[in-house]
Protein chains: 2
Amino acid sequence: MLSSPEYIEKLRKSGLRPTKQRIKICQVLFDTKKTFHFTISDLVKLIETKANEKISLATVYNTIHAFEKKGYLKEISINSSQTYFDTNTTNHHHFFDEKQKELIDLEDIDVDPVKIKKTIPGKKIKSVEVLVKIDSE
Amino acid sequence: MLSSPEYIEKLRKSGLRPTKQRIKICQVLFDTKKTFHFTISDLVKLIETKANEKISLATVYNTIHAFEKKGYLKEISINSSQTYFDTNTTNHHHFFDEKQKELIDLEDIDVDPVKIKKTIPGKKIKSVEVLVKIDSE
DNA sequence: ATACCAGTTTATAATGATTCTAAAGTATTT
DNA sequence: AAATACTTTAGAATCATTATAAACTGGTAT
């Protein structure tokens, strides 16, 4: 597990006070080589198991939104009752298994760059997201 | 405005009883050459203005879900507080203006076919949706 | 026509994710 | 150490959507 000091510095640099709760959430989210997808309720469960600590639901929401604003997380556009987040903030796309409610990364090599030929006057493209819904064969 | 008999037949063919409410919603949704995007609350407003009739919110939800199941509507994957539907059921993609909460169609010629090179054993692709988020320049 | 049945509509309540509130707590600055 | 600004928190509020169950209606058989 990465030591707190590294997260403390990371948080400070972003203008976020390094509180106990934020450090704990950093550890749960970023203390792994593999990136992953999660919902808020997934994260609450992870905090309860990985860290033996209870963080208020409001704080979890606050923190995730703060991290998203700082660019440490990305929200993924899916129509689902819950919002999904991704610790992989690079440009990439997703499979979504609607049965298992599971997201799977598509690497850059899995999808050719999507070129959008249409332009809207006065508007610029912020992001291009491809969502591939999959189902059992 | 298309006459009711045509919608009555269309509904019957799909195994849906042609009720007053369903016919009215058909007229509001399909009585136009141009397809469009809407949320449930958009639709409720449309029904109130175009048709001078009140349809219960529960019925609007029921009907839209029935129409979606029959393939007369498509749900669009966006992370938004409300779900968006599209009367254009052909394969196409979208711009989404997050400020104005507005969807704009991308025609086939605006986006090259998206080829997905990755496969998941036992799973087949159901849909490929591209969502292009746009913002003021 | 009439009566019946399955499918529909409806008002209202329930649900559930998310956001708000405002009081108590904590990091940082003076 | 005190002041200040930012955070956390429990619980309430919000809001889209879904569930409930009673009243209603279209289609069919009599």
Side-chain angles (χ1 to χ4, degrees), chain A residues 4-5 7-28 37-48 51 53-70 72-73 75-85 98 101, chain B residues 4-5 7-28 37-48 51 53-70 72-73 75-85 98 101:
Chain A
S4 305
Y7 293 124
I8 290 176
E9 195 182 354
K10 175 177 174 158
L11 288 165
R12 276 228 186 77
K13 273 186 186 157
S14 338
L16 296 171
R17 285 191 183 171
T19 63
K20 218 168 63 264
Q21 293 83 349
R22 284 174 177 164
I23 293 164
K24 196 52 78 180
I25 291 175
C26 277
Q27 288 172 337
V28 171
H37 310 106
F38 65 94
T39 63
I40 295 290
S41 67
D42 291 340
L43 179 54
V44 168
K45 276 177 216 135
L46 275 177
I47 293 166
E48 281 169 5
E53 194 169 345
K54 202 202 162 301
I55 299 180
S56 148
L57 187 58
T59 299
V60 176
Y61 274 100
N62 288 343
T63 303
I64 292 314
H65 288 144
F67 286 5
E68 192 200 353
K69 199 166 291 174
K70 295 298 177 186
Y72 301 149
L73 292 173
E75 189 183 319
I76 302 170
S77 283
I78 313 176
N79 261 44
S80 169
S81 56
Q82 287 171 90
T83 299
Y84 282 77
F85 294 91
E98 283 184 305
K101 305 284 176 209
Chain B
S4 307
Y7 293 124
I8 290 176
E9 196 182 351
K10 175 178 175 158
L11 288 166
R12 274 225 190 81
K13 273 185 188 156
S14 336
L16 297 171
R17 284 197 184 166
T19 64
K20 219 167 64 264
Q21 293 85 348
R22 285 173 176 165
I23 293 164
K24 196 52 76 180
I25 291 175
C26 276
Q27 288 172 337
V28 170
H37 311 107
F38 64 93
T39 63
I40 295 290
S41 66
D42 291 340
L43 179 55
V44 167
K45 277 179 214 133
L46 275 175
I47 293 166
E48 280 170 6
E53 195 168 345
K54 204 203 158 302
I55 300 181
S56 149
L57 186 59
T59 300
V60 176
Y61 274 100
N62 288 342
T63 303
I64 292 313
H65 288 145
F67 285 6
E68 192 201 351
K69 200 165 289 174
K70 295 300 177 185
Y72 301 149
L73 291 173
E75 189 183 317
I76 302 171
S77 283
I78 312 176
N79 261 43
S80 168
S81 54
Q82 286 171 90
T83 299
Y84 283 76
F85 294 92
E98 283 184 306
K101 305 284 176 208

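This structure is a prediction, so every number in the text was calculated from the model and none was measured. Numbers restart at 1 for each chain; the letters A, B, ... are given by sequence-line order, proteins then strands.
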Answer whether the closest heavy-atom distance between the side chains of [X] and [Y] falls below 4.5 Å.
{"X": "B:Thr19", "Y": "B:Ile23", "value": "no"}
{"X": "A:Val44", "Y": "A:Leu57", "value": "yes"}
{"X": "A:Phe67", "Y": "A:Ser14", "value": "no"}

Just to verify, what does [X] make a side-chain hydrogen bond (donor to acceptor under 3.5 Å, both in side chains) with, not counting sequence neighbours?
{"X": "B:Ser77", "value": "A:Lys133"}
{"X": "B:Glu98", "value": "A:Lys126"}
{"X": "B:Ser80", "value": "none"}
{"X": "B:Tyr61", "value": "none"}

Checking all strands, does B:Thr19 fall into the base, sugar-phosphate, or nothing category for heavy-atom contacts under 4.0 angstrom?
sugar-phosphate

Test of understanding: with side-chain contact (heavy atoms from CB on, under 4.5 Å), list the residues that count as partners of A:Asn62, not counting sequence neighbours.
none

Contacts of type side-chain contact (heavy atoms from CB on, under 4.5 Å), residue B:Lys20, not counting sequence neighbours
B:Glu53

Mind checking which nucleotides bracket the chain B contacts on DNA chain D, 5' to 3', with an atom under 4.0 Å from a heavy atom?
D:dA16 to D:dG27

Separation of atom NZ in B:Lys20 from atom P in C:dT9, rounded to whole Å:
9 Å

Find the distance A:Phe38:CZ to C:dA17:C1' and express it as a whole number of Å.
15 Å

Correct closest heavy-atom pair for A:Asn79 and B:Ile76 would be OD1-O, 3.1 Å

Just how large is the angle between the end axes of the helix from C:dA1-D:dT30 to C:dT30-D:dA1, five pairs per end, to 10 degrees?
20°

Could you work out, with ring pair (Phe, Tyr, Trp, His ring centres under 6.0 Å) as the rule, every residue matching B:Phe38, not counting sequence neighbours?
B:Phe36, B:Phe85

Detail all sub-3.5 Å separations between protein N/O atoms and N/O atoms belonging to nucleotides 18-22 of chain C.
{"from": "C:dT18", "atom 1": "OP1", "to": "A:Thr83", "atom 2": "N", "distance (Å)": "2.9"}
{"from": "C:dT18", "atom 1": "OP1", "to": "A:Thr83", "atom 2": "OG1", "distance (Å)": "2.9"}
{"from": "C:dT18", "atom 1": "OP2", "to": "A:Tyr61", "atom 2": "OH", "distance (Å)": "2.6"}
{"from": "C:dT18", "atom 1": "O5'", "to": "A:Tyr61", "atom 2": "OH", "distance (Å)": "3.2"}

Do the numbers put A:Lys24 on top of the ring of A:Tyr7, so that NZ or CZ is under 6.0 Å from the six-membered ring centre and no more than 45° off the axis?
no

Restricting both atoms to N or O, compile the protein contacts to nucleotides 28-30 of chain C shorter than 3.5 Å, with distance only.
{"from": "C:dT28", "atom 1": "OP1", "to": "A:Arg12", "atom 2": "NE", "distance (Å)": "3.0"}
{"from": "C:dT28", "atom 1": "OP1", "to": "A:Arg12", "atom 2": "NH2", "distance (Å)": "3.4"}
{"from": "C:dT28", "atom 1": "OP2", "to": "A:Arg12", "atom 2": "NH2", "distance (Å)": "3.3"}

For B:Glu75, salt bridge (Lys or Arg N to Asp or Glu O under 4.0 Å) partners two or more places apart
none

